[in-house]
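First the structure, in the form of structure tokens, and then the observations on it.
Heavy atoms only: backbone and side chains are in, while hydrogens, waters and symmetry mates are out.
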Amino acid sequence: MSGDASYRTELPPLRTGTPTGGGAAAEVGGALPASVFAAYRRAEDRLAHEAPGCRLRWQLLAAIGQVESGQARGGRVTSDGTTVAPILGPRLDGVAFALIRDTDGGVHDGDTAYDRAVGPMQFIPSTWARWGADGNGDGRTDPNNVFDAALAAGRYLCAGGRDLSVPAALDRAILGYNHSAAYVRTVRAWYAYFLEGHRVVPDRPAGPSSARSEPSRSPSKPERAAPTPSGRPTAIPSRPSSAPASPASTPSRPAAEPPETEEPQLAVPAPDMELPGDDLLPSAAPITRNSADSMTVSPSTTADTGR
């Protein structure tokens, strides 16, 4: 989905009981901004009607949103759910990450040479062209809008008739988002955390810093070769805005945060795009981006959440 660029590697905070006992458990961190939370819940509701057999839970979207963008930078979004400043991943120029040449003329990522993952759910432009969704009903599909991005991510995870209540299917879906065992473990940890409980906080107010660009999230991630990413489509012919585009999929990218700058129905993908499925773990060629933690045989061995 995101070109397997960098992602946040922090694990969920510990939940501790109140010192006096008898009170509710206290949490530190892991809060969900109101608009972001609403986007996940709305996507869960849409998928419950579009693909009831998928059994998508909003907590999975929250886990991915936490790892990919820190819940849209802590809820720095406008009233309609659009990020105050676009959230961009590193350039996919084949140096530290996969090689994905520009597919959108820089429309979404501002880069006319190479693609970059975009938005709170970190879609690469070519994937968004295929899976982009309108989650807030404004008639547009915008990867920078948390409602649009959450619905598109949900459809991508449910693609192919997958049942996410089955642990193996859940792992394959997450691997389709980022082909890395470490990524699966991190997302699974946050998924379990949000299944236990959550707290909703106000969106983060837009301040002077929102106009600044933040450093790209990538240096701390393991380098990988330049082959085209596996699992996450790269260059896909654009479809009508009603069809969502999937996030990028190349090996995992643990690390720093992506930069900010101002500013499907579950359709079967075209023949030139592989839908995430049981063959996500090829045994032949190495995965393009996660040389330190490449998956070549079997899906993640993370503990089953029972969901």
Side-chain angles (χ1 to χ4, degrees), residues 1-2 5-15 26-44 58-90 108-109 116-123 135-136 142-154 177-178 183 186-187 189-221 247 253-263:
M1 296 269 292
S2 58
S6 61
Y7 62 84
R8 293 166 174 261
T9 58
E10 308 89 49
L11 293 175
L14 294 176
R15 299 175 188 275
E27 292 180 21
V28 177
L32 294 167
S35 292
V36 178
F37 174 65
Y40 298 151
R41 294 302 301 267
R42 184 178 298 184
E44 177 190 57
W58 68 262
Q59 288 91 342
L60 178 58
L61 296 175
I64 291 175
Q66 176 68 37
V67 172
E68 292 292 344
S69 68
Q71 311 301 0
R73 289 288 180 277
R76 190 182 292 174
V77 297
T78 60
S79 59
D80 70 345
T82 301
T83 56
V84 173
I87 301 172
L88 301 175
H108 294 303
D109 57 15
R116 301 175 70 173
V118 180
M121 301 303 274
Q122 290 290 276
F123 280 83
N136 62 354
D142 182 1
N144 296 297
N145 182 280
V146 69
F147 289 93
D148 293 357
L151 178 58
Y177 216 99
N178 189 316
Y183 183 83
T186 305
V187 169
W190 280 103
Y191 184 38
Y193 175 84
F194 288 123
L195 284 173
E196 286 184 22
H198 66 281
R199 61 193 179 92
V200 178
V201 298
D203 293 339
R204 181 178 176 184
S209 62
S210 65
R212 285 189 290 108
S213 176
E214 297 183 5
S216 168
R217 51 165 188 176
S218 74
S220 58
K221 305 198 170 171
R253 18 152 208 175
E257 306 175 354
E260 288 185 59
T261 47
E262 203 51 80
E263 333 209 295

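- To the nearest 0.5 angstrom, His108 atom NE2 is 7.5 Å from Asp142 atom CG.
- Distance alone, capped at 3.5 Å, is enough to place a donor-acceptor pair between the Gln122 side chain and the Ile87 backbone.
- Arg204 contributes no side-chain N or O that, together with a main-chain N or O of Gly75, makes up a donor-acceptor pair within less than 3.5 Å.
- Here the side chains of Tyr183 and Ile64 are in contact, with some heavy-atom distance below 4.5 Å.
- The closest side-chain heavy-atom distance from Phe123 to Glu68 is not below 4.5 Å.
- Nearest approach of Pro120 to Pro143, heavy atoms of both residues: CD-O, 3.3 Å.
- With sequence neighbours excluded, the residues that form a ring pair (Phe, Tyr, Trp, His ring centres under 6.0 Å) with Phe37 are Trp58, His198.
- Here Ser35 pairs with Val77, Asp203 under the side-chain contact (heavy atoms from CB on, under 4.5 Å) rule; sequence neighbours left out.
- Considering every non-hydrogen atom in both Pro33 and Gln71, the closest pair reads CD-CB, 3.8 Å.
- A distance of 7.0 Å separates CG of Leu32 from OH of Tyr40, quoted to the nearest 0.5 Å.
- Of the candidates Thr83, Leu151, Asn136, Asn145 forms a side-chain contact (heavy atoms from CB on, under 4.5 Å) with just one, namely Asn136.
- In terms of heavy-atom proximity, Met121 sits nearest to Leu61 at CE-O, 3.8 Å.
- In this structure, the side chain of Trp190 does not engage the main chain of Gly65 through any donor-acceptor pair within 3.5 Å.
- Put simply, the side chain of Arg73 gets close to the backbone of Ser69: a donor and an acceptor are under 3.5 Å apart.
- The CZ atom of Arg199 lies 10.0 Å from the CZ atom of Phe194; values are rounded to the nearest 0.5 Å.
- Judged as a side-chain contact (heavy atoms from CB on, under 4.5 Å), and not counting sequence neighbours, the contacts of Ala38 are Phe147.
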What verdict does the side chain to side chain contact (heavy atoms under 4.5 Å, CB included) test give for Thr82 and Asp148, after you've listed the backbone C-alpha separation in whole Å, the side-chain angles of each residue and the deciding distance to 0.1 Å? CA-CA 9 Å; Thr82 301; Asp148 293 357; over 6 Å; no
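- Of the possible polar contacts, none joining the Asn144 side chain to the Pro86 backbone as a donor-acceptor pair under 3.5 Å is found.
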